[in-house]
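Scroll down for the structure; my scribbles are underneath it.
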2 protein chains.
Amino acid sequence: MSDLLERLRGRGWRLTAQRRVVAEVLDGDHVHYTADEVHARATERLPEISRATVYNTLGELVSLGEVLEVSTDGRAKRYDPNAHHDHHHLICSQCGTIRDVHIASDPMAALPEPERFGFAVSEVSVTYRGVCPNCASA
Amino acid sequence: MSDLLERLRGRGWRLTAQRRVVAEVLDGDHVHYTADEVHARATERLPEISRATVYNTLGELVSLGEVLEVSTDGRAKRYDPNAHHDHHHLICSQCGTIRDVHIASDPMAALPEPERFGFAVSEVSVTYRGVCPNCASA
DNA sequence: TCTTGACTTGGACTTTGTCCAATGTAGGAT
DNA sequence: ATCCTACATTGGACAAAGTCCAAGTCAAGA
Ligand SMILES: [Mn+2]
Ligand SMILES: [Mn+2]
Ligand SMILES: [Zn+2]
Ligand SMILES: [Zn+2]
């Protein structure tokens, strides 16, 4: 994600300290933070960053396709910087941990034409749930 | 769902007017209402039913496995009385309409052992998104 | 260095949902 | 048929997650 800021500048973004910090927090793929978690971690680096700015920046990153929104349960959305490699999610039903997973067949191909009801289907996500090893042993 | 009330009585439920009305609203499969939509429809039949009771009853029905919770976007959860036939969902990304769909292959089989990371995987849901015919023509 | 439109901020507000003490009632007991 | 009481309902306070806005700040081009 080091070149993310470059791409964003290319799109006319002003490079503010706040945006830089949000990008840094999301850097190092494989995280799935809530907005509040992003805010907490951003605050460690830039104490006065506001919640509103974190929400604004996350929303912009999602619009640009640089970050994915993951709605797991009915709780807070999670933000996923791993937007450039197709993947799905495996979620622990007890502790909420999320892992990226890669699956063996294309789920888009599994939806027969008559089951599409005239929709222009453009996206599919597969969510697996179960108990993680950590929760199982406890 | 006519025998739902029988099953519930068998489980020791008191058959109150409120519970009856919530069950009636969810009757006739293929609906995916939010709690507030259930409340609005329940109010037409029983004007003084409270929001708290609708939430309580929906929660109980979910615990009993009679109704499924569907978390689509980050908005209100939807309640799905079609709990006894496996199915997945196709959602219009513009208007939010939900359709039940049946898929051709088993998505559980698509997750290879090494991608399970020691989880005891018990559940999988597939969500398709696209533009419905109605929204496409508008 | 100056200027200005874009960005940030704190707080009010909204939506969705939970919790609780007070009140009501379904259904078994008499 | 009536009584009893444990369970259910209610309204309103509260909480979590997110949006919106007017006022102040600042990145970056001139
Ligand atoms: Mn992910
Ligand atoms: Mn359904
Ligand atoms: Zn776990
Ligand atoms: Zn639509």
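Sequence lines set the chain letters: A, B, ... in the order given, protein chains first and strands last, and positions in each chain run from 1. Values in this document were obtained by computation on a predicted structure and should not be read as measured data.
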Which donor-acceptor pairs under 3.5 Å do side chains of residues 115-125 of chain A form with protein atoms, sequence neighbours excluded?
unit_1    : atom_1 : unit_2    : atom_2 : d
Glu115(A) : OE1    : His102(B) : N      : 2.4
Arg116(A) : NE     : Leu111(A) : O      : 2.9
Arg116(A) : NH2    : Met108(A) : O      : 2.9
Arg116(A) : NH2    : Leu111(A) : O      : 2.9
Ser122(A) : OG     : Arg129(B) : O      : 3.4

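Five base pairs at each end of the helix from dT1(C)-dA30(D) to dT30(C)-dA1(D) define two local axes, and these are offset by 20° (rounded to 10°).
Under a 4.5 Å side-chain heavy-atom criterion applied to ILVMFWY residues, the cluster that includes Ile91(B) comprises Ile98(B) as well.
For the pair Lys77(B) NZ and dA16(D) P, the interatomic distance rounds to 15 Å; values are reported in whole Å. At whole-Å resolution of the value, CD in Glu69(A) and C1' in dA17(D) are 12 Å apart. Atom CZ of Arg75(A) is separated from atom P of dA15(D) by 15 Å (rounded to the nearest Å). Here the C1' atom of nucleotide dA15(D) and the CG atom of Asp36(A) are 13 Å apart, to the nearest Å.
Under the side chain to side chain donor-acceptor pair (under 3.5 Å) criterion, Arg99(B) pairs with no residue, sequence neighbours left out. Not counting sequence neighbours, the partners of Thr53(B) by the side-chain contact (heavy atoms from CB on, under 4.5 Å) test are Gln18(B), Ile49(B), Ser50(B), Thr57(B). For the side-chain contact (heavy atoms from CB on, under 4.5 Å) test, residues two or more places apart in sequence or in another chain that qualify with Ser105(A) are Ala110(B). Remark: Arg78(A) pairs with Glu37(A) by the salt bridge (charged side-chain N to carboxylate O under 4.0 Å, His left out) rule, at least two apart or across chains. Judged as a side-chain contact (heavy atoms from CB on, under 4.5 Å), and not counting sequence neighbours, the contacts of Ala35(B) are Tyr55(B), Leu58(B), Tyr79(B). The ring pair (Phe, Tyr, Trp, His ring centres under 6.0 Å) search around His87(B) returns His89(B), not counting sequence neighbours. A search for salt bridge (charged side-chain N to carboxylate O under 4.0 Å, His left out) contacts involving Arg9(B) returns Glu6(B), not counting sequence neighbours.
Bounding nucleotides for the chain A contact on DNA chain C, 5' to 3', at a heavy-atom distance below 4.0 Å, are dG5(C) to dG10(C).
Without hydrogens or angle criteria, Arg51(B) side chain to Asp36(B) main chain gives no donor-acceptor distance under 3.5 Å.
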Which protein N or O atoms sit under 3.5 Å from an N or O of nucleotides 8-13 of chain D?
unit_1  : atom_1 : unit_2   : atom_2 : d
dA8(D)  : OP1    : Arg19(B) : NH1    : 3.2
dA8(D)  : OP1    : Arg19(B) : NH2    : 3.3
dT9(D)  : OP1    : Thr16(B) : OG1    : 2.5
dT9(D)  : O3'    : Gln18(B) : NE2    : 2.9
dT10(D) : OP1    : Gln18(B) : NE2    : 3.2
dT10(D) : OP1    : Glu48(B) : O      : 3.0
dT10(D) : OP2    : Ser50(B) : N      : 2.9
dT10(D) : OP2    : Ser50(B) : OG     : 3.1
dT10(D) : OP2    : Thr53(B) : OG1    : 2.8

